[in-house]
Trainee: 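Got a structure for you, questions after.
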Amino acid sequence: MSESETNADVPPYRYTAALAAEIEPRWQDFWSGHGTFHAPNPTGELADPGHPRAGAPKLHVQDMFPYPSGAGLHVGHPLGYIGTDCYTRYKRMAGYNVLHPMGFDAFGLPAEQYAVQTGTHPRITTEANVERYRGQLRRLGLAYDERRSFSTTDPEYYRWTQWIFLQVFNSWFDPSDARAKPIEILISQFEAGERETPDGRAWAELSGVERRQVINDHRLAYVSEAPVNWCPGLGTVLANEEVTPDGRSERGNFPVFKRSLKQWMMRITSYGDRLVDDLETLDWPEPVKLMQRNWIGRSQGAHVDFPIDGDDVISVFTTRPDTLFGATYMVLAPEHTLVDSVVPAAWPEGTKPVWTGGHASPGEAVAAYRAEAAAKTEEERTADAKVKTGVFTGAYATNPVNGARIPVFIADYVLAGYGTGAIMAVPGQDGRDWAFAEVFDLPIIRTVQAPDGFDGAFTGDAPAINSDWLNGMAVADAKAAMIAWLEEHGHGRGATTFRLRDWLFSRQRYWGEPFPIVYDETGLPVALPESMLPVVLPDTDDFSPRTFDPDDEHSEPETPLSRKKDWVTVELDLGDGPKTYTRETNTMPQWAGSCWYELRYLDPRNDKALVDPENEAYWMGPKDSADCGGVDLYVGGVEHAVLHLLYARFWHKVLYDLGHISSFEPFRKLFNQGYIQAYAFRDARGVIVPAEEVVERDGKWYFGEQEVAREYGKMGKSLKNVVTPDDMSEQYGADTFRVYEMAMGPLDVSRPWDTRAVVGSQRFLQRVWRLVVDEETGVVRVTDEPLDPATRRVLHRTIDGVREDMDELRFNTAIAKLIQLTNTLTPLGTTAREAIEPLVLMTSPFAPHLAEELWRKLGHDDTLAYADFPVPDPAQLVAESVTYPVQVNGKVRGRVEVAPDTTEDAVRAAALESVAEVLAGREPRKVIVVAGRLVSVVV
RNA sequence: GGGGCCGUAGCCCAAUUGGCAGCAGGCGCAUGGUUUAGGUCCAUGACAGUGCGGGUUCGAGUCCCGUCGGCCCCA
């Protein structure tokens, strides 16, 4: 209870938490009962031609949907949801047909782990958590179209997740026009002989199984026997990004081993170029785009072949083929397969002592160095600061551009798993190579003109030098010329490489989407037909994958579904009569359901298609030929900057290529909201104490009589500093909580939670309430008296500013302007409807329940959700006069007040006159008039 | 180690994008009025020169360089 309620003399009609608790549920019932926030579709079951916004310009705003955890929401979680709610309520009033849905990302590990511990089926836990979330969100007055809500665990939803998997499985990426196509096209190309088989035999000569294998190797979803991250402690394999740099699982911190296992993969690497290039079309925060670019890691350059003594060739990838003339040595990863075959019996002539590591023969030196390198982590090996180590192999390679013999080293700063595991070293233009060359006394040849006096490797752009036919060319031109030369002479070819790997798509888990895949007697996968979807996740009471001793590297994964023998073995007629098949027992990763949910919101009840093309085109289609389409505003945390957004973009592009949708990007505009953080307190023993019970005295903090130390961190159970939206609704009302969250700072900035400050937002709403309602009598005070001209100008300036702020998601400044307007009206005792109705309307996106209540009291019968948002009168925005400060040499020395349309010359003259005394006859050297701002005089 | 973001009153934040740093706003604090009340409401007020050091400019919180501190991403 708030303090005001404890007092007997609170005016009976004051806006208090108790009153909010009465108003808020009532309006929530009204909205859901009237379907107030239903958004009409152009076609299908959700079409509604009679809707006030049918056919209006659309706006599709979406939040990153939550994983419904058992802990429920704290005040940090709904920050973005409230932000989008305020924005969409405003836009709806401003005339848009607004789609603002919410759903739940409900598959995932925590529910499964809880199930393993307690025996409660994950579906039970998940559904209970979803209900709790729905209740919490409803209580905040969030205006969702509840008809469009779903969980990724709903069979009607994951039916389409499986359907998309089939689309991916049944297509291949045609590099000739860089897009996915139906697999039938590939098959017909093989059949027609337009495409050669891998081993050159005619298609007709291949057996049925061989043909299937060839085709399977082209599919965008494929089974691969590939090195994966096997985590015995979790009993599952993990994607690279789920493994920490020190080789442990992000979840659970168990050891992870590289193992070759059969797993489903998605060929996201085929889309590397488009995933990079199309970032240009997106209105996303630059840091997020940069993170995506870095993650994809596209390098454009060339493969270059260096012959070595004997018949072998060392192939390297370089992004700087223009610097080939400066390649003075080569480095192989210590693990490189060629190392053994190139090492001679003895050190060759000309071996410098420092190259040998003190060993008598190359064989010994290499063996010793390999042992050393094997003991280091990847992190230790590539840390740039450390002293470069390495050893000469005794072998020489030939630089193809000039025939120079260059020594071949092994060094641990080159990694076997990266690129070709070998580099050409160009110390003149690469810092790591420079450092290595200095240690090992290797020649340094500059091939790019460094500035005079420049020391060290020069990586900038300048004309080529010491490079024969490249001399004088800028880096880009020299690269192109060198690639052409390499290709012409058979020494290499232009190439693009990516850091991005194919996406490991299978998990040994229960609580995920089953694959729509079975295996026949050949052991090859067979896609189920669409008519058999969904493949429903079978019930079980045995949820856990078999886990092992965390250090047992040689254990084999065993999935929970594989134990459901009656489900795994299935008789089906897939076109050639009833046969026995074995089901795929892996499940999809949690990313799957969130990879496409933006599309399902558009047409959630469509059981004929994932989304009707007309509905997709309306809500997400491109605005013009240059536009990528997609959600108009997508709000969520930066933690999804790479993975979720990359995977969603990938699937979206596949669906686009296959003609199912018209947009080629899922999220046109992205906004990262900040986090609400909170203080936590620790006593002398270092134990966290409940933040709620800590009091501040003289800049120190006390828990009881004990002084405690303050720290700053995430809100959470472990720091005992959780504040929930439910607490806030009880103490102040949801509207006050909403206003506070929006007013405390810009949406994209993280800030500390401070419950004590919430009262400021409550006072604001109380003042707004008081402008309409007499606190003593409950009578509406508003009259039709005209507003005085000065206040009218304030009103219209406020309207103008608020609209601008709302459009830019600057809710904190919009609220400040509303408070300012309120504080202007309050002391004047204003009762004019002309001012108060616009104030109520402008407040409504932030405090919708209070505003609806006041709107009703002001005599309106219906919801204000579709009332026109106030529009400023341009005539009222013109200032009566402008005051120019006049600076002399940077200091304000005078002021002039002039009419707004005064010419620049007249302003100048008036300004000079106003500072004539300061100038004391000195002639101004320069007079700068900044229209509407100030005048600056320089003497 | 590389890359990115951010440092403005005791605190959360404004500052029209290079133009008078705060009658943007809020919390807290102080004073006065209302009051049985230190609560409520109303009114008034104090507190920083923008982390630090340079530079560009008539003019820098805003741009550039360096430096310190915090957060994030990648190795």
Side-chain angles (χ1 to χ4, degrees), chain A residues 2-11 14 16 241 245 285-295 297 377-386 413 415 418 431-432 499 637-639 641-642 672 674-677 679 696 698-699 712-713 739-740 742-746 748-764 766-767 770 775 794 797-798 800-801 804-805 810-824 826-827 829 883-895 924-939:
Chain A
S2 79
E3 285 149 0
S4 57
E5 284 171 76
T6 63
N7 291 288
D9 65 343
V10 169
R14 173 164 295 173
T16 59
E241 45 274 17
E286 275 309 316
V288 176
K289 289 189 184 184
L290 191 65
M291 282 186 247
Q292 292 235 334
R293 275 190 208 103
N294 290 342
W295 186 263
T377 66
E378 197 166 299
E379 188 177 0
E380 288 169 338
R381 288 175 52 162
T382 53
D384 287 343
K386 77 175 182 70
Y413 77 98
L415 300 172
Y418 197 80
R432 291 159 304 179
R499 201 184 74 96
V638 261
E639 69 271 23
V642 178
N672 294 125
Y675 298 98
I676 290 185
Q677 296 182 293
Y679 292 111
E696 185 183 351
D698 310 322
Y712 185 53
V739 170
Y740 175 65
M742 293 299 100
M744 65 197 285
D748 56 352
V749 171
S750 297
R751 49 243 138 107
W753 178 260
D754 182 10
T755 297
R756 291 180 310 176
V758 177
V759 68
S761 298
Q762 189 181 38
R763 288 179 191 148
F764 160 55
Q766 282 175 339
R767 286 196 285 268
R770 199 150 45 224
E775 287 189 330
V794 172
R797 270 207 307 277
T798 305
D800 189 49
E804 203 179 302
D805 288 342
R810 293 191 303 246
F811 305 124
N812 55 325
T813 52
I815 290 171
K817 289 179 174 78
L818 293 173
I819 293 174
Q820 197 181 9
L821 175 62
T822 306
N823 293 352
T824 305
T826 293
T883 302
Y884 283 87
V886 185
Q887 292 183 347
V888 178
N889 288 345
K891 288 199 164 58
V892 179
R893 297 296 193 190
R895 281 171 205 285
R925 283 197 298 149
K926 206 169 177 184
V927 180
I928 298 146
V929 180
V930 185
R933 289 268 166 273
L934 56 54
V935 181
S936 183
V937 182
V938 188
V939 291

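Chain naming here is simple, since letters A, B, ... match the order of the sequence lines and numbering starts at 1 in each. This one's a predicted model, so the numbers in the text were calculated from it and none came from an experiment.
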Trainee: If the C1' atom of B/rC23 is compared with that of B/rG10, how far apart are they to the nearest Å?
Mentor: 22 Å
Trainee: Below 3.5 Å, can you tabulate the donor-acceptor pairs from side chains in residues 925-939 of chain A to any protein atom, sequence neighbours excluded?
Mentor:
none

Trainee: Considering only nitrogen or oxygen atoms on both sides, find all protein atoms under 3.5 Å from nucleotides 14-17 of chain B and state each distance.
Mentor:
from, atom 1, to, atom 2, distance (Å)
B/rA14, OP1, A/Asn812, ND2, 3.3
B/rU16, O2, A/Arg933, NH2, 2.6
B/rU16, N3, A/Arg933, NH1, 3.1
B/rU16, N3, A/Arg933, NH2, 2.9

Trainee: Over all strands shown, is A/Ser761 touching base, sugar-phosphate only, or nothing at heavy-atom distances under 4.0 angstrom?
Mentor: nothing
Trainee: What's the NZ-C1' distance between A/Lys817 and B/rC23, to the nearest Å?
Mentor: 14 Å
Trainee: Counting the atoms with a prime plus P, OP1 and OP2 as sugar-phosphate, which does A/Ala816 contact under 4.0 Å by heavy atoms, base, sugar-phosphate, or nothing?
Mentor: base
Trainee: Please write out each protein N/O paired with an N/O of nucleotides 41-46 of chain B under 3.5 Å, distance rounded to 0.1 Å.
Mentor:
from, atom 1, to, atom 2, distance (Å)
B/rC41, OP1, A/Gln766, OE1, 3.4
B/rC41, O3', A/Arg770, NH2, 3.0
B/rC42, OP1, A/Arg770, NH2, 3.1

Trainee: Can you tell me the pairing partner of B/rA43 across any strand shown, Watson-Crick or G-U wobble, with both distances under 3.5 angstrom?
Mentor: B/rU31
Trainee: If you measure from the P atom in B/rA60 to the same atom in B/rG4, how many Å do you get, rounded?
Mentor: 26 Å
Trainee: N/O contacts under 3.5 Å, protein versus nucleotides 58-61 of chain B?
Mentor:
from, atom 1, to, atom 2, distance (Å)
B/rC58, OP1, A/Lys926, NZ, 3.4
B/rC58, O2, A/Ser936, OG, 2.6

Trainee: When the distance from CG of A/Asn294 to P of B/rC5 is rounded to whole Å, what number comes out?
Mentor: 13 Å
Trainee: Tell me what A/Ile815 touches on the nucleic acid: a base, only sugar-phosphate, or nothing, going by heavy atoms under 4.0 Å.
Mentor: nothing
Trainee: Just to verify, what does A/Gln820 make a side-chain contact (heavy atoms from CB on, under 4.5 Å) with, not counting sequence neighbours?
Mentor: none
Trainee: Expressed in angstrom and rounded to an integer, what is the separation of A/Phe764 atom CZ from B/rC12 atom P?
Mentor: 23 Å
Trainee: With sequence neighbours left out, what residues match A/Arg810 under side chain to side chain donor-acceptor pair (under 3.5 Å)?
Mentor: A/Asp805
Trainee: Just to verify, what does A/Pro752 make a side-chain contact (heavy atoms from CB on, under 4.5 Å) with, not counting sequence neighbours?
Mentor: A/Tyr679, A/Tyr712
Trainee: To the nearest Å, give me how far apart OH (A/Tyr675) and C1' (B/rC6) are.
Mentor: 15 Å
Trainee: B/rU50 and B/rU8: how far apart are their C1' atoms, nearest whole angstrom?
Mentor: 4 Å
Trainee: Please report the distance separating the C1' of B/rA9 from the corresponding atom of B/rA30, rounded so that it comes out in whole Å.
Mentor: 15 Å
Trainee: For A/Arg797, check side-chain contact (heavy atoms from CB on, under 4.5 Å) against everything at least two apart and list the hits.
Mentor: A/Arg793, A/Val794, A/Leu877
Trainee: According to side chain to side chain donor-acceptor pair (under 3.5 Å), who are the partners of A/Asn823, at least two apart in sequence or on a separate chain?
Mentor: A/Arg767
Trainee: Between P on B/rC12 and CD on A/Gln677, what's the gap in Å once rounded to a whole number?
Mentor: 12 Å
Trainee: Who pairs with A/Tyr740 by ring-ring contact (aromatic ring centres under 6.0 Å, His included), at least two apart in sequence or on another chain?
Mentor: A/Trp753
Trainee: What is the distance, rounded to the nearest whole Å, between atom CD1 of A/Ile676 and atom C1' of B/rC12?
Mentor: 11 Å
Trainee: Base, sugar-phosphate, or nothing for A/Val930, non-hydrogen atoms under 4.0 angstrom?
Mentor: base
Trainee: Could you pull out all residues at least two apart from A/Ala641 that satisfy side-chain contact (heavy atoms from CB on, under 4.5 Å)?
Mentor: A/Val288, A/Met291
Trainee: Return the pairing partner of B/rU67 with a 3.5 Å limit on both distances, Watson-Crick or G-U wobble; otherwise return none.
Mentor: B/rG51
Trainee: Checking base pairs now: Watson-Crick or wobble, both atom distances under 3.5 Å. What partners B/rG1?
Mentor: B/rC74
Trainee: Side-chain contact, heavy-atom cut-off 4.5 Å: A/Gln766 with A/Arg763?
Mentor: yes
Trainee: Rounded to whole Å, please give me the gap between CE in A/Met291 and C1' in B/rC74.
Mentor: 10 Å
Trainee: Return the nucleotide paired to B/rU36: Watson-Crick means purine N1 to pyrimidine N3 with N6-O4 or O6-N4, wobble means G-U with N1-O2 and O6-N3, both under 3.5 Å.
Mentor: none
Trainee: List in chain and number order the residues that pass ring-ring contact (aromatic ring centres under 6.0 Å, His included) with A/Tyr675, two or more places apart in sequence or in another chain; answer none if no residue qualifies.
Mentor: none
Trainee: Can you measure A/Asp748 atom CG to B/rG4 atom P for me and round it to whole angstrom units?
Mentor: 19 Å
Trainee: Can you tell me if the side-chain N/O atoms of A/Arg756 get under 4.0 Å from OP1 or OP2 in B/rC11?
Mentor: no
